[in-house]
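Below, all heavy atoms of this structure are taken into account, side chains as well, without hydrogens, waters or symmetry copies. Letters go in sequence order (proteins before strands), and every chain restarts at 1.
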Number of protein chains: 2
Amino acid sequence: MRKPPPPRVGTKGVPRADREAEILDAACREFGEQGYRHASVARIAAACEISRALVYEYFGSRDGLHAACARFIGDPLVAAVTAAQTSADPDERARATITAILTRLEERRFDWQVIYDPTVPPDAAGHDLLQDYRAALNRLGAEGVRAVSDTTDDLDLSLLTQLWYGTVTSTIAWWQRHPEETAASLAERWQRLLAMR
Amino acid sequence: MRKPPPPRVGTKGVPRADREAEILDAACREFGEQGYRHASVARIAAACEISRALVYEYFGSRDGLHAACARFIGDPLVAAVTAAQTSADPDERARATITAILTRLEERRFDWQVIYDPTVPPDAAGHDLLQDYRAALNRLGAEGVRAVSDTTDDLDLSLLTQLWYGTVTSTIAWWQRHPEETAASLAERWQRLLAMR
DNA sequence: TCCTGATCTGACACATGAGTAAGTTACGTA
DNA sequence: TACGTAACTTACTCATGTGTCAGATCAGGA
């Protein structure tokens with residue numbers, strides 16, 4: 001029956017940088033789980049046990065917060081995938097790419113959905129950003145697809161590229177329902193299943 | 001500069017059955033395009049050029065309308081896919097399955113997203129319905145997967161099944177951006193690309 | 001002609017969520 | 001110890017969306 005302590009009004013002594021990181025983390029989860037449209041600043045603030053007003057103070061708007069999340073997730077992800085493109089062998093390169101993605105997302109499995117969020121409206125600040133990240137990832141994926149397939153038809157290639165990313169998205173969705181699987185074990189499983197065919 | 005005619009108050013002489021079908025059609029598109037959470041009864045009503053109140057009169061609530069859409073889409077789709085499972089040859093059966101799905105969705109490409117809408121909350125009336133449809137489609141897909149693959153590991157099979165439906169979902173997403181493609185030509189393209197590997 | 005039921009609407013009440021304004025508390029520092 | 005500033009909250013305004021209600025209009029039958 002103990003009542004929760006009444007919310008104090010003054011500062012809690014948390015430096016801005018720390019608080020911003022905390023908010024960003026909660027926001028990535030919220031935007032990933034709910035999508036841009038249904039993400040709520042109120043829930044993000046509640047997760048950090050602060051008021052909504054502080055979120056606006058630090059990030060300006062819901063949209064600004066979303067753009068910050070996009071950058072926070074997109075920059076290192078694109079860097080990691082780019083860094084994985086070392087081998088000349090297409091199969092080995094595909095393996096390295098999927099391993100890089102999975103490793104990057106190991107502790108943040110909802111991040112992928114922030115990048116591939118279909119509910120971001122075109123006038124959102126983060127929209128163009130996300131499009132750039134997707135384009136970068138797409139370019140890398142398309143190169144891999146071109147190396148493996150023997151078609152030259154543009155429509156074929158665009159469909160294959162879409163299928164490649166659909167496969168990655170499906171895998172991550174499956175992963176979210178199988179939390180016991182690690183990035184390493186999943187990459188291994190993937191390799192085995194794809195080789196089977 | 002002609003002003004639109006002022007909205008009349010009385011009946012427009014449209015029988016209930018016809019109006020219900022019209023609303024259902026608009027609602028399927030809205031739920032498919034926007035997802036359960038962001039779908040708006042106001043937009044559905046506007047598409048039919050009627051007031052929101054009539055939608056509530058006929059379908060009770062947004063949730064009831066959604067459940068009706070789920071049934072309207074799910075029943076014939078599951079029936080069509082089930083009917084396609086005739087051949088004993090796994091490759092031929094996969095071809096028949098994808099053709100059945102694409103043909104069914106030819107004029108209603110947004111229907112698939114209604115079935116695989118991730119934004120339906122568990123307490124929605126249509127949630128369990130959709131889960132049943134997905135389970136039925138999944139069971140059919142899983143049989144095909146089992147026939148093709150040579151693993152017996154349960155996790156492997158569940159991942160492969162997820163990948164199968166991820167592939168279908170990706171294909172339909174691609175299709176929405178390539179309206180000139182017909183069900184037949186897309187099925188043929190699919191077959192060719194999958195055989196290539 | 002009058003009445004009954006089907007079709008349909010405008011105007012509400014109410015909830016949720018974005019964004020803002022004004023003020024409170026505590027910390028560091030001179 | 002006094003003060004400026006960073007951290008933080010409450011209490012609003014405003015917009016959007018759901019759901020309800022009383023009543024308007026029309027078609028068809030007694």
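Taking atom CD of residue B:Glu57 and atom C1' of nucleotide C:dC8, one finds them 9 Å apart after rounding to whole Å. Residue B:Ile50 contributes atom CD1, which lies 12 Å from atom P of C:dG10 at whole-angstrom precision. Between the C1' atom of C:dG17 and the CG atom of A:Leu65 lies a distance of 15 Å, rounded to the nearest Å. We find that CG of B:Leu54 is positioned 12 Å from P of C:dG10, with the value rounded to whole Å. Taking atom CZ on A:Phe59 and atom P on C:dA18, their separation rounds to 15 Å, with Å as the unit. The interatomic distance linking A:Tyr56 (OH) with C:dA21 (P) rounds to 14 Å, in whole Å.
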Within the sub-3.5 Å range, which N or O atoms of nucleotides 27-29 of chain D have a protein N or O partner, and how far apart are they?
none

Polar atom pairs (N or O), protein with nucleotides 14-16 of chain D, under 3.5 Å:
none

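Within residues 34-45 of chain A, the residues having any heavy atom closer than 4.0 Å to DNA chain C are, in order of number, A:Ala39, A:Ser40, A:Val41, A:Ala42. Contact check of residues 17-26 of chain A against DNA chain C (heavy atom, cut-off under 4.0 Å) returns no residues at all.
Using a distance-only test at 3.5 Å, with no hydrogens or angles considered, no donor-acceptor pair links the side chain of B:His38 to the main chain of B:Gln34. Judged by distance alone, the side chain of A:Gln85 and the main-chain N or O of A:Arg93 form no donor-acceptor pair under 3.5 Å. Formation of a donor-acceptor pair under 3.5 Å by the A:Thr99 side chain with backbone atoms of A:Ala187 is not found in this model. With hydrogens and angles ignored, the 3.5 Å screen pairs no side-chain donor or acceptor of B:Arg95 with any backbone N or O of B:Trp190.
Distances from the side chain of A:Ser51 to the nucleotides C:dG19, D:dT9, D:dG19 place D:dT9 closest. When distances run from any side-chain atom of B:Arg62 to the nucleotides C:dG19, C:dA21, D:dT18, the shortest one goes to D:dT18. You'll find that the side chain of A:Val14 is closest to D:dC8, out of C:dC8, D:dC8, C:dA21.
With sequence neighbours excluded, no residue forms a side-chain hydrogen bond (donor to acceptor under 3.5 Å, both in side chains) with B:Ser61. The side-chain contact (heavy atoms from CB on, under 4.5 Å) search around A:Ala184 returns A:Thr182, not counting sequence neighbours. Every residue was checked against the side-chain hydrogen bond (donor to acceptor under 3.5 Å, both in side chains) condition with A:Thr167, not counting sequence neighbours, and none meets it. Under the side-chain contact (heavy atoms from CB on, under 4.5 Å) criterion, A:Ala183 pairs with A:Leu102, A:Thr103, A:Glu106, A:Trp175, not counting sequence neighbours. Residues forming a side-chain hydrogen bond (donor to acceptor under 3.5 Å, both in side chains) with B:Ser87 (at least two apart in sequence, or on another chain): none.
Each salt bridge (Lys or Arg N to Asp or Glu O under 4.0 Å) pair with one or both residues in residues 160-184 of chain A, not counting sequence neighbours, appears once here: A:Glu181-A:Arg189. The salt bridge (Lys or Arg N to Asp or Glu O under 4.0 Å) contacts involving residues 110-130 of chain B comprise B:Arg108-B:Asp111, where partners must be two or more places apart or lie in separate chains. Under the side-chain hydrogen bond (donor to acceptor under 3.5 Å, both in side chains) criterion, the residue pairs touching residues 40-59 of chain A are A:Glu30-A:Arg43, with sequence neighbours excluded.
In this structure, the side chains of B:Tyr165 and B:Tyr116 come closer than 4.5 Å at one or more pairs of heavy atoms.
The environment of A:Asp154 atom CG is sparse: at most 12 non-hydrogen atoms of other residues, nucleotides or ligands sit within 6.0 angstrom.
At the heavy-atom level, B:Arg52 lies under 4.0 Å from base atoms of the strands shown. Within the nucleic acid shown, A:Tyr58 comes within 4.0 Å of sugar-phosphate atoms alone, with no base atom in reach, counting heavy atoms only.
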